[in-house]
Amino acid sequence: MKKQPKFQEIANEIEKRIMEGIYVSSQKLPSEYDLADEFQCSRLTVRKAIELLISQNKLIKEKSKGTYVMKQPKIQSGSGGLQSFTETARIQGKKTKTQVLECEVTEQLPTNVKQAFGESISEPIVHLRRLRYFDDEPMTVENLYILKRYLGEVSQEELSGSLYQVIEKNVEIAYSHQEIEAVKATADVAKLLQVAVDEPMLFVHSMTYSPAAKPILYDCSYYRADKYTFKNTLIRQKRSE
């Protein structure tokens, strides 16, 4: 494998430190002299690495003051309509990774889930719990309940990908009713998302429907409030005087 240029290695390391929170938003980077000394290279090589990260909107330089970590925008969900986590990531240039934490077929539902589907629901439902990543950063813990007939005989690979793609082989997805609450991370969620206990979280619960208003999927998931936001457009209805 061809060895990367030194400036690219330095840029990768600085970006890694930003991702890991060693260099935080708006923090001033060490001087070019200090970085050159740390990486055992010339200031010109360090400068090329910094210029690369500036071009990628990771760093910003302020004249006569130094180089700073640029504040990164939060991932937006909902700005393009009803989209899956995978679709949102793709649009924003991110790669997804999924860890399936739990998957079982059940007829014993929590009260809130049973109410969401309707008290008379009796058919098998798949309970799926997943940890989702954008690139290599944990972003959300999903807790999903899906009517089994809309999943079919789903493979492990499909369980780790976009469930919308799997579901839409069997039924059309039309819309979703969504509620968002501000909560604090429990010990379990904090460990999975690599944040502190009591860290602010967005708790999202939603029911997704077919065009005929038939329930398909109930979702109650935790999202990192420091990295993720939801955007909706509200239309004001015309009213007669």
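The environment of K6 atom NZ is dense: over 12 non-hydrogen atoms of other residues, nucleotides or ligands sit within 6.0 angstrom.
No continuous path of hydrophobic side-chain contacts links I10 to L44 [ILVMFWY only; heavy atoms under 4.5 Å]. Under a hydrophobic clustering in which Ile, Leu, Val, Met, Phe, Trp and Tyr are joined whenever their side-chain heavy atoms come within less than 4.5 Å, directly or via other members, V113 and L217 fall into the same cluster. Linking Ile, Leu, Val, Met, Phe, Trp and Tyr residues whenever their side-chain heavy atoms come within less than 4.5 Å leaves I14 and F7 in two separate clusters.
A salt bridge is defined here as a Lys NZ or Arg NE, NH1 or NH2 lying under 4.0 Å from an Asp or Glu carboxylate O, and R132 with E142 meets this definition. Under 4.0 Å is where a charged nitrogen must lie from a carboxylate oxygen, and between R47 and E51 no such pair does. One finds a salt bridge joining E153 and K148 here, because a Lys/Arg side-chain nitrogen approaches an Asp/Glu carboxylate oxygen to under 4.0 Å. Ion pair R129/E104 not flagged as a salt bridge, since none of the NZ, NE, NH1 or NH2 atoms sits closer than 4.0 Å to an Asp/Glu carboxylate oxygen. K214 and E123 are not joined by a salt bridge, as no carboxylate oxygen comes within less than 4.0 angstrom of a charged side-chain nitrogen.
Counting heavy atoms from C-beta on, the side chains of T186 and M201 never come closer than 4.5 Å. Between Y209 and I216 there is no side-chain heavy-atom pair separated by less than 4.5 Å. Within the 4.5 Å cutoff, no side-chain heavy atoms of P124 are placed close to those of T106. Proximity of L128 to L163: side-chain heavy atoms (C-beta onward) are separated by under 4.5 Å at one or more points. Side-chain atoms of T208 and I173, non-hydrogen and from C-beta on, do get closer than 4.5 Å to each other. Inter-residue side-chain proximity for Y222 and V183 is flagged as met; some heavy-atom pair is nearer than 4.5 Å. Annotation: side chain of V69 is not in contact with side chain of K58 (no heavy-atom distance under 4.5 Å).
Residue N12 is tested with E15, Q8, K16 for a side chain to side chain donor-acceptor pair (under 3.5 Å); the sole match is Q8.
Taking the six-membered ring where the residue is Trp, the centroids of H205 and Y218 are separated by 6.0 Å or more.
When atom types are taken as modelled, the side chain of K61 and the backbone of I50 share no donor-acceptor pair closer than 3.5 angstrom. A distance-only check finds no donor-acceptor pair linking the side chain of R224 to the backbone of P200 [under 3.5 Å].
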